[in-house]
Amino acid sequence: MIINHPLLGPRDSQEFTYLGDANLIDRPDWQAPDAVDRFFEYLYLRDNPAGDHRELWFHEQGDRSWVVVTRNMATHEILNVELASDVARNRGRSK
Amino acid sequence: MRYSGFRVIREALTGHKGWTPAWRDPAPQASYDYVIIGGGGHGLATAYYLAKEFRQARIAVIEKGYIGGGNVGRNTTIIRSNYMLDGNEPFYEFSMKLWEGLEQDFNYNAMVSQRGILNLCHTDAQRDAYTRRGNAMRLNGVDAVLLDREGVRQMAPYLNFDSARFPIKGGLMQPRGGTVRHDAVAWGYARGADSRGVDIIQNCEVIGMRIDNGRIQGVETTRGFIGAKKVGCAVAGSSSKVMSHAGMRLPIESHVLQAFVSEGLKPTIPGVITYGAGHFYVSQSDKGGLVFGGDLDGYNSYAQRGNLPVVEDVCEGGMSLMPMIGRARLLRIWGGLMDMSMDGSPIIDRTDIEGLYFNGGWCYGGFKATPASGWAFAHLLATDKPHETARAYRFDRFRKGLMIDEKGMGAQPNLH
Ligand SMILES: Cc1cc2nc3c(=O)[nH]c(=O)nc-3n(C[C@H](O)[C@H](O)[C@H](O)COP(=O)(O)OP(=O)(O)OC[C@H]3O[C@@H](n4cnc5c(N)ncnc54)[C@H](O)[C@@H]3O)c2cc1C
């Protein structure tokens, strides 16, 4: 699989390490009243769809940036690649 | 029809005209007492034990493709009960005991071959870990033998003892481990279940579930609605997809694992050998092909096929362990869908929906579990109580922090 890195262009997916579902960006608020439930869902439950999946890859053998890859789980086709920091900022996070 | 040596001879003398199909091809009825989703090893074993050990009832197995087309016909056929943790070891040993009597029990030749499994170790720390695991096995009444370097050399002199980057220090051996002909397991259970009245419905995909007031009513399929008092889901890599019809999110990710078979060679590898410094495990089939595998590809997938980097990685592992296989040609490579759970251990449990039960999260070790999984799931479906060896396989263990994490990897499914 070739991941089209937003800064570096097309790179072999072997340069990357895979983490999993991009929802891992949205760490729950540990002070929320239902924090226990939310952390349980955050850590252990997954949508695991048989279609498009947004997921975190780490460019370990490259510029060491995290990217959010949208990939079809049934065909392995890569539809979109964004810097994870951009995704987080768009959701109102500082970094 | 009972199979026997006498029968084979009689058929041989009469032109093999007397064999009949091993199971029927029934149309689905309007409703059943039990519907099992998934005609893999686990679903078929569940139906078999349900009909045989627990209940006289109307039972159906619903399979979207054909029997044996899933992981039960794609795995590398290794059986063993060399686990360490309390929640696992009694269950896998129960499974091993069922394997030992399986062929007589269901009157089918599944080629259960207890040729032994040898896990190699390459560092002192690894030997300590294997000693500990072997002791845990012995405490559970399971056979385990610790071999030193010379012991390993006697068993497998062709391993790389001389110039290895990770020299072999010894190994943990389970003599009762081995291999089983995987397709025959599916066929044997299918035939055994069918002859006890179970309807095995192929080419019938579950596409929805009907749930009223928190109770399951039945399943929507590509061949219409099928009513059921109880529904058990055993669909391995498709677990998240099927259970999403009941609005559930699971502690499971689907991943792809590849397997490899070489051309036929003369008998060399007596049992199963696993490499401790890379991910590579190998056995030799009765036809002579080397059957081997390694790591997951590492990313979520429903594709049932992998990519080349893992092919390279597995072959490198093989070459560094047994350089003699370098000239052997690969015949076939394929992939299967793994239901990787968050702690590497399975789930056999009821759900919050009354009458809906779940069996899954087998990761890449579910073939060896097939008999015990079927038995325990049938027990749960019939009695509403967990089987004594499967008590720890609950959904709520993640919420409660009672993980059964043999590898200590945490909630990172691609590392289990
Ligand atoms: C390459 C590889 C090597 C492996 N090696 C080993 C090994 O050496 N030892 C070991 O113990 N384990 C091994 N495993 C793991 C083992 O094969 C699985 O854990 C086990 O087979 C899963 O259970 P099953 O047999 O019921 O799955 P499957 O045979 O996959 O059965 C699930 C069935 O559900 C059906 N299904 C899915 N969705 C639907 C639907 N919506 N409606 C109806 N039916 C549906 C599928 O078509 C499939 O037939 C390996 C797996 C792979 C892929």
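Below, chains carry the letters A, B, ... as their sequence lines are ordered, and counting in each starts from 1.
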Original post:
Does a donor on one side chain sit under 3.5 Å from an acceptor on the other, for Tyr302(B) and Asn48(A)?
Top reply: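 Side chains of Tyr302(B) and Asn48(A): pair found under 3.5 Å.
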Original post:
Going by atom types only, do Asn300(B) and Tyr18(A) share a side-chain donor-acceptor pair under 3.5 Å?
Top reply: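 Looking only at side-chain atoms, Tyr18(A) and Asn300(B) do form a donor-acceptor pair, the distance falling under 3.5 Å.
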Once rounded to the nearest 0.5 Å, what's the spacing between atom [atom1] of [X] and atom [atom2] of [Y]?
{"X": "Phe40(A)", "Y": "Asp396(B)", "atom1": "CZ", "atom2": "CG", "result": "8.5 Å"}
{"X": "Glu253(B)", "Y": "His53(A)", "atom1": "CD", "atom2": "NE2", "result": "6.5 Å"}
{"X": "Asn307(B)", "Y": "Met1(A)", "atom1": "CG", "atom2": "CE", "result": "5.5 Å"}
{"X": "His76(A)", "Y": "Arg305(B)", "atom1": "NE2", "atom2": "CZ", "result": "5.5 Å"}

Ignoring hydrogens, what is the shortest heavy-atom contact between [X] and [Y]? Give both atom names and the distance.
{"X": "Asp47(A)", "Y": "Arg249(B)", "value": "OD1-NE, 2.7 Å"}
{"X": "Ala303(B)", "Y": "Ala74(A)", "value": "CB-O, 3.5 Å"}
{"X": "Arg46(A)", "Y": "Ala411(B)", "value": "NH2-O, 4.2 Å"}

**OP:** Identify which of Gly51(A), Pro49(A), Gly20(A), Ser13(A) forms the greatest number of heavy-atom pairs closer than 4.5 Å to chain B.
**Re:**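 The candidate making the most pairs under 4.5 Å is Pro49(A).
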Original post:
So which of Val36(A), Thr17(A), Leu19(A) has the largest heavy-atom pair count under 4.5 angstrom toward chain B?
Top reply: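 With the most close heavy-atom pairs to chain B, the winner is Leu19(A).
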Side chain / backbone / both / neither for [X] at chain A, heavy atoms under 4.5 Å:
{"X": "Met403(B)", "value": "side chain"}
{"X": "Gln412(B)", "value": "side chain"}
{"X": "Ser301(B)", "value": "both"}

**OP:** Mind running side chain to side chain contact (heavy atoms under 4.5 Å, CB included) on Tyr44(A) and Arg399(B) for me, showing each step along the way?
**Re:** CA-CA 8 Å; Tyr44(A) 295 117; Arg399(B) 193 184 280 275; over 6 Å; no
Subject >> Portion of Asn72(A) that has a non-hydrogen atom of chain B nearer than 4.5 angstrom >> reply: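 It is neither, since no heavy atom gets under 4.5 Å.
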